[in-house]
Amino acid sequence: MILEDLINTFEKLKQNIYMIERGDKPSLLIKFDDSNFFHLVGLHKTNIDLFMPLGIKSKAKKYKYLKGHVNQFNKILLSEIEDNELLEYRVKTFNNILNLLDGEKVSLYDLSKKTPGSVYKGNFGVLKIYQDIYCLLALIIDNQENDIIKCAPQSWMASNRINYLIRTKKQIYMERIIKIPIRLYNEKNNLISV
């Protein structure tokens, strides 16, 4: 089931935080939480909201509800995918995000300079190409403390064409991506150690 695969991948992502080291520039720290799922996998571009109980408003609660009603929402998602090629790419490549965050053959882009005609408001993008499919994890800055910029994963974009957000942009330097188990992150969302 597609929705079950999306949830399983997302649950694996939540087991770690990811640090992108950038030499003498502040590192980017990526942490996944339940409120990221809905927009990240593209469900905001579907009619799934119409089938949610009226009292469920927050993105985190929507994710928890989806987890408990996978069969019901999987059918809805399958029908939405049939009519939307970009959503289909996004959903079918979502498991690649685990490999992308291993840091091999990825590129980092500064997306803060707006692309003409775009409504996208993110700050960074991590790109990897899989068999002619361009997969981009878009990040938005939550806050910055000292030499660490905390980022939320905002969107997963996949297409058989280069993403318009990076088409005219140059890569920016990154050394590596480090995967850190979530247990090394304390209750105040600070690293205990690396």
Side-chain angles (χ1 to χ4, degrees), residues 5-33 35-43 45 85-115 118 120-182 184-185 189 191 193-194:
D5 291 342
L6 293 172
I7 289 169
N8 288 340
T9 297
F10 191 70
E11 288 298 319
K12 288 176 187 173
L13 290 168
K14 289 181 0 183
Q15 293 174 10
N16 299 291
I17 55 173
Y18 303 86
M19 182 176 290
I20 300 175
E21 291 185 337
R22 303 189 303 147
D24 60 352
K25 296 199 184 283
S27 295
L28 306 179
L29 187 72
I30 308 164
K31 183 176 182 277
F32 292 82
D33 67 43
S35 65
N36 304 131
F37 181 80
F38 209 79
H39 196 278
L40 190 64
V41 299
L43 297 183
K45 294 184 178 269
E85 184 180 51
L86 287 179
L87 179 62
E88 181 179 8
Y89 277 126
R90 194 174 193 161
V91 166
K92 289 190 174 179
T93 64
F94 187 67
N95 65 334
N96 289 344
I97 199 169
L98 294 165
N99 175 268
L100 177 137
L101 289 169
D102 282 340
E104 294 293 320
K105 298 181 182 176
V106 298
S107 305
L108 181 65
Y109 293 87
D110 180 351
L111 303 180
S112 59
K113 295 178 185 106
K114 302 305 171 217
T115 302
S118 173
Y120 180 74
K121 294 180 170 66
N123 301 100
F124 294 98
V126 183
L127 175 77
K128 187 166 183 174
I129 303 169
Y130 297 90
Q131 299 172 354
D132 297 328
I133 303 295
Y134 293 81
C135 295
L136 180 72
L137 174 62
L139 308 170
I140 191 163
I141 294 174
D142 274 344
N143 64 41
Q144 182 171 353
E145 297 172 5
N146 302 321
D147 289 334
I148 295 179
I149 300 172
K150 293 180 181 177
C151 296
Q154 187 184 36
S155 187
W156 175 254
M157 300 175 220
S159 175
N160 60 351
R161 288 174 268 145
I162 191 163
N163 190 292
Y164 70 97
L165 293 172
I166 62 165
R167 187 177 295 133
T168 60
K169 296 191 170 80
K170 293 182 181 178
Q171 295 179 33
I172 58 175
Y173 178 74
M174 67 173 258
E175 287 179 12
R176 62 187 174 155
I177 300 176
I178 301 171
K179 186 174 12 177
I180 305 164
I182 197 71
L184 298 179
Y185 210 62
N189 286 334
L191 283 174
S193 64
V194 178

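All values below come from the heavy atoms of this structure, side chains included, with hydrogens, waters and symmetry mates left out. When a residue number appears, it is its place in the shown sequence, counting from 1.
The minimum heavy-atom distance linking Met19 with Ile180 is given by the pair CB-CD1, 4.2 Å. Summarising the geometry of Ile30 relative to Pro153, their closest heavy-atom pair is CG2-CD, 4.1 Å, with the distance given to 0.1 Å. Nearest approach of Lys31 to Asn36, heavy atoms of both residues: O-OD1, 3.7 Å. When all heavy atoms are compared, the tightest approach of Ala158 to Tyr89 is O-CB, 3.4 Å. Summarising the geometry of Leu108 relative to Arg22, their closest heavy-atom pair is CD2-CD, 3.6 Å, with the distance given to 0.1 Å. When all heavy atoms are compared, the tightest approach of Asn16 to Pro181 is OD1-CA, 3.4 Å.
For the atom pair CG (Leu98) and OH (Tyr18), the distance works out to 6.0 Å, reported to the nearest 0.5 Å. Atoms NZ and CD1, from Lys25 and Ile20 in turn, are 14.5 Å apart once rounded to the nearest 0.5 Å. Distance CG/Leu137 to CD1/Ile97: 4.5 Å, rounded to 0.5 Å. Put simply, CD on Glu175 and CG on Asp24 are 9.0 Å apart, with the number rounded to the nearest 0.5 Å. Atom CG of Leu111 is separated from atom CG of Asn163 by 8.0 Å, given to the nearest 0.5 angstrom. With rounding to the nearest 0.5 angstrom, the CD atom of Glu11 is 3.5 Å from the NZ atom of Lys14.
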Practice task
Walk me through it: do Leu13 and Phe37 pass the test side-chain contact (heavy atoms from CB on, under 4.5 Å)?
Solution key: CA-CA 11 Å; Leu13 290 168; Phe37 181 80; over 6 Å; no
Practice task
In sequence, state the C-alpha distance, the side-chain angles, and the governing distance for Leu40 and Phe32, and then conclude on side-chain contact (heavy atoms from CB on, under 4.5 Å).
Solution key: CA-CA 10 Å; Leu40 190 64; Phe32 292 82; 3.8 Å; yes
Exercise for the section: Test Lys45 against Leu86 for side-chain contact (heavy atoms from CB on, under 4.5 Å), laying out the working first. Expected result: CA-CA 10 Å; Lys45 294 184 178 269; Leu86 287 179; over 6 Å; no
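The backbone N or O of Glu21 sits nowhere less than 3.5 Å from a side-chain atom of Arg176 that would complete a donor-acceptor pair. At distances below 3.5 Å, at least one donor-acceptor pair connects side-chain atoms of Lys169 with backbone N or O atoms of Lys113. Using modelled atom types, no side-chain atom of Ser155 and backbone atom of Met157 make a donor-acceptor pair closer than 3.5 Å.
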Got a list of side-chain donor-acceptor pairs under 3.5 Å for residues 122-132, not counting sequence neighbours?
{"unit_1": "Asn123", "atom_1": "OD1", "unit_2": "Ile141", "atom_2": "N", "d": "2.7"}
{"unit_1": "Lys128", "atom_1": "NZ", "unit_2": "Asn99", "atom_2": "OD1", "d": "2.7"}
{"unit_1": "Lys128", "atom_1": "NZ", "unit_2": "Glu104", "atom_2": "O", "d": "2.9"}
{"unit_1": "Tyr130", "atom_1": "OH", "unit_2": "Asn96", "atom_2": "O", "d": "3.1"}
{"unit_1": "Tyr130", "atom_1": "OH", "unit_2": "Asn99", "atom_2": "OD1", "d": "2.9"}
{"unit_1": "Tyr130", "atom_1": "OH", "unit_2": "Leu100", "atom_2": "N", "d": "3.2"}

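The side chain to side chain donor-acceptor pair (under 3.5 Å) check on Ser27 picks up nothing, with sequence neighbours excluded.
Summarising the local packing, NZ of Lys92 is surrounded by 12 or fewer heavy atoms from other residues, nucleotides or ligands at distances under 6.0 Å.
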